[in-house]
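Input: a single structure, listed below in structure tokens.
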Amino acid sequence: MPRSVSGVEMRKRQAAHIEAPAQAPGQPRPNTCCLCWCGCCKCLWNEDRMERSERQTCKMDSIEARDEQHPTLDEVLSWARSFELMLRSLEGREVFREFLRSEYSEDNLLFWLACDELKKETNPTVVEEKARIIYEDYVSILSPKEVSLDSRVREGINQSLAEPSNLMYEEAQLQIYTLMHRDSYPRFLNSSVYRDLLASRRRTCLDT
């Protein structure tokens, strides 16, 4: 019959494990101790296990977010670091557009996107058609969606209408980009639209 371990001996073994000298960097750690199952906060094996679990949880959150077409926590955080990154993200543009809609300035983003699409076009017939639509929708003073452009840029566009090119709105696009970056973007980062989304992604990462 196996000899039972007394309470004193058990405490000695536990104390010996807890007070054991730390392992040097790069050295293998001792085998799992008898306390790991109970979540002992001083157990190195248990700390590693918890850190790996947290990293895995956030990794799974990222995978699930992509599968559901939702931005990950890292992506949402990156929008606060770079206006350009946000605009190049499909989800970022949608969230920013929602905010701009609340400020009745959604047309600035729509104009910027239309100009960006025009830049990619090479067919002269399509370029001419898209350039005309952009003018009628966002540049003409008769349009309810007219964006704010200075007189010099507007005059340059009017002169380009005779021979449209895929770059004819480049300067106007930059002007609207600068307007959104300096004016709308800081307010967006402080808005409930962005802050609520950020809080939601953080909760998902922690609770999943």
Side-chain angles (χ1 to χ4, degrees), residues 54 57-121 126-127 129-157 166-208:
E54 289 177 355
T57 296
C58 290
K59 182 179 179 181
M60 291 302 297
D61 168 60
S62 298
I63 294 173
E64 291 175 1
R66 285 195 295 271
D67 290 342
E68 298 173 5
Q69 297 301 309
H70 293 313
T72 65
L73 176 59
D74 284 345
E75 288 171 331
V76 176
L77 288 171
S78 73
W79 301 344
R81 295 192 298 268
S82 170
F83 181 61
E84 180 69 17
L85 280 178
M86 183 189 69
L87 283 188
R88 296 302 175 185
S89 161
L90 176 60
E91 295 87 353
R93 290 196 302 271
E94 287 302 313
V95 176
F96 187 52
R97 181 177 177 179
E98 180 184 346
F99 166 75
L100 292 178
R101 191 180 298 120
S102 71
E103 292 201 335
Y104 304 99
S105 56
E106 176 187 13
D107 297 327
N108 286 333
L109 178 60
L110 297 179
F111 171 73
W112 184 88
L113 291 171
C115 294
D116 218 42
E117 285 299 313
L118 179 62
K119 285 181 177 181
K120 303 171 185 176
E121 191 56 63
V126 178
V127 166
E129 177 67 13
K130 286 188 174 182
R132 179 185 61 79
I133 293 174
I134 291 174
Y135 184 86
E136 293 176 353
D137 284 350
Y138 303 108
V139 181
S140 172
I141 59 174
L142 300 177
S143 173
K145 298 188 291 184
E146 178 190 8
V147 296
S148 180
L149 299 172
D150 64 37
S151 57
R152 181 185 60 81
V153 171
R154 190 178 293 274
E155 180 59 28
I157 292 173
N166 60 346
L167 298 178
M168 64 176 288
Y169 291 108
E170 190 170 37
E171 193 170 3
Q173 184 188 22
L174 177 60
Q175 193 168 95
I176 295 302
Y177 176 96
T178 302
L179 176 64
M180 291 190 295
H181 190 190
R182 293 179 177 176
D183 186 51
S184 302
Y185 178 58
R187 290 199 304 277
F188 165 72
L189 295 180
N190 288 312
S191 70
S192 60
V193 173
Y194 177 74
R195 290 184 175 275
D196 289 350
L197 176 61
L198 181 59
S200 172
R201 299 318 303 165
R202 279 175 170 157
R203 284 195 301 271
T204 301
C205 184
L206 292 174
D207 296 342
T208 302

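Owing to the predicted nature of the structure, the values given are computational and were not obtained by experimental measurement.
- The OG atom of Ser191 lies 8.0 Å from the CG atom of Asp196; values are rounded to the nearest 0.5 Å.
- Under the 30°/60° scheme for interplanar angles, the aromatic rings of Phe99 and Phe96 are found to lie parallel.
- Taking all atoms of both residues into account, the shortest heavy-atom contact from Arg81 to Asp74 is NH2-O, 4.4 Å.
- Looking at every heavy atom in both residues, Ala172 comes nearest to Ile157 through CB-CD1, 3.8 Å.
- Between Arg152 and Glu171 there is a salt bridge, since a side-chain N of the basic residue sits under 4.0 Å from a carboxylate O of the acidic one.
- Between the Tyr169 side chain and the Leu174 main chain, no donor and acceptor come within less than 3.5 Å of each other.
- Aromatic ring pairs are classed by plane angle as parallel below 30°, tilted from 30° to 60° and perpendicular above 60°; the pair Trp79 and Tyr194 is tilted.
- Remark: Leu142 pairs with Ser140 by the side chain to side chain contact (heavy atoms under 4.5 Å, CB included) rule, at least two apart or across chains.
- You'll find the side chain of Leu167 reaches within 4.5 Å of the side chain of Lys119, heavy atoms only.
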- Taking it one step at a time, do Arg154 and Ile141 satisfy side chain to side chain contact (heavy atoms under 4.5 Å, CB included)? CA-CA 10 Å; Arg154 190 178 293 274; Ile141 59 174; 4.3 Å; yes

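- A distance of 9.0 Å separates CD of Glu146 from OH of Tyr135, quoted to the nearest 0.5 Å.
- In this structure, Gln175 and Asp150 approach most closely via the heavy-atom pair NE2-OD2, 2.7 Å.
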Verdict with supporting geometry, Glu117 and Lys120, salt bridge (Lys or Arg N to Asp or Glu O under 4.0 Å): CA-CA 5 Å; Glu117 285 299 313; Lys120 303 171 185 176; 3.4 Å; yes

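- With sequence neighbours left out, Asp183 forms a side chain to side chain donor-acceptor pair (under 3.5 Å) with Arg187.
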Given side chain to side chain contact (heavy atoms under 4.5 Å, CB included), test Thr204 with His70 step by step and report yes or no.
CA-CA 11 Å; Thr204 301; His70 293 313; over 6 Å; no

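- Here the NZ-CG distance, from Lys130 to Asn166, works out to 10.5 Å after rounding to the nearest 0.5 Å.
- Here Tyr138 contributes atom OH and Gln173 contributes atom CD; the two are 12.5 Å apart, rounded to the nearest 0.5 Å.
- Within the model, atoms CG of Leu109 and CZ of Arg101 stand 9.5 Å from one another, a figure rounded to the nearest 0.5 Å.
- When all heavy atoms of Val95 and Leu197 are compared, the pair lying nearest together is CG2-CD2, 3.8 Å.
- You'll find the side chain of Leu179 stays beyond 4.5 Å of the side chain of Val147, heavy atoms only.
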Practice prompt. Kindly determine whether Asn190 and Arg195 satisfy side chain to side chain contact (heavy atoms under 4.5 Å, CB included), including the steps that lead there.
Written response: CA-CA 7 Å; Asn190 288 312; Arg195 290 184 175 275; 3.1 Å; yes

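- The ring pair (Phe, Tyr, Trp, His ring centres under 6.0 Å) test with His181 singles out one residue from Trp112, Phe83, Phe188, and that residue is Phe83.
- Closest heavy-atom contact between Leu73 and Arg202: CD1-CG, 3.6 Å.
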Worksheet item: Which is it for Glu129 and Arg132 under the salt bridge (Lys or Arg N to Asp or Glu O under 4.0 Å) test, yes or no, and what are the steps along the way?
Response: CA-CA 5 Å; Glu129 177 67 13; Arg132 179 185 61 79; 2.5 Å; yes

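- Nearest heavy atom pair, residue Tyr177 against residue Glu84, reads OH-OE1, 3.0 Å.
- Asp137 pairs by the side chain to side chain contact (heavy atoms under 4.5 Å, CB included) definition with Ile133, Lys145, not counting sequence neighbours.
- The shortest distance between side-chain heavy atoms of Leu100 and Met180 falls below 4.5 Å.
- Atom-to-atom distance recorded for Leu189:CG and Leu198:CG is 10.0 Å, nearest 0.5 angstrom.
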task: Under the side chain to side chain contact (heavy atoms under 4.5 Å, CB included) rule, what do Arg88 and Asp116 come out as? Steps first, then yes or no, please.
output: CA-CA 11 Å; Arg88 296 302 175 185; Asp116 218 42; 3.0 Å; yes

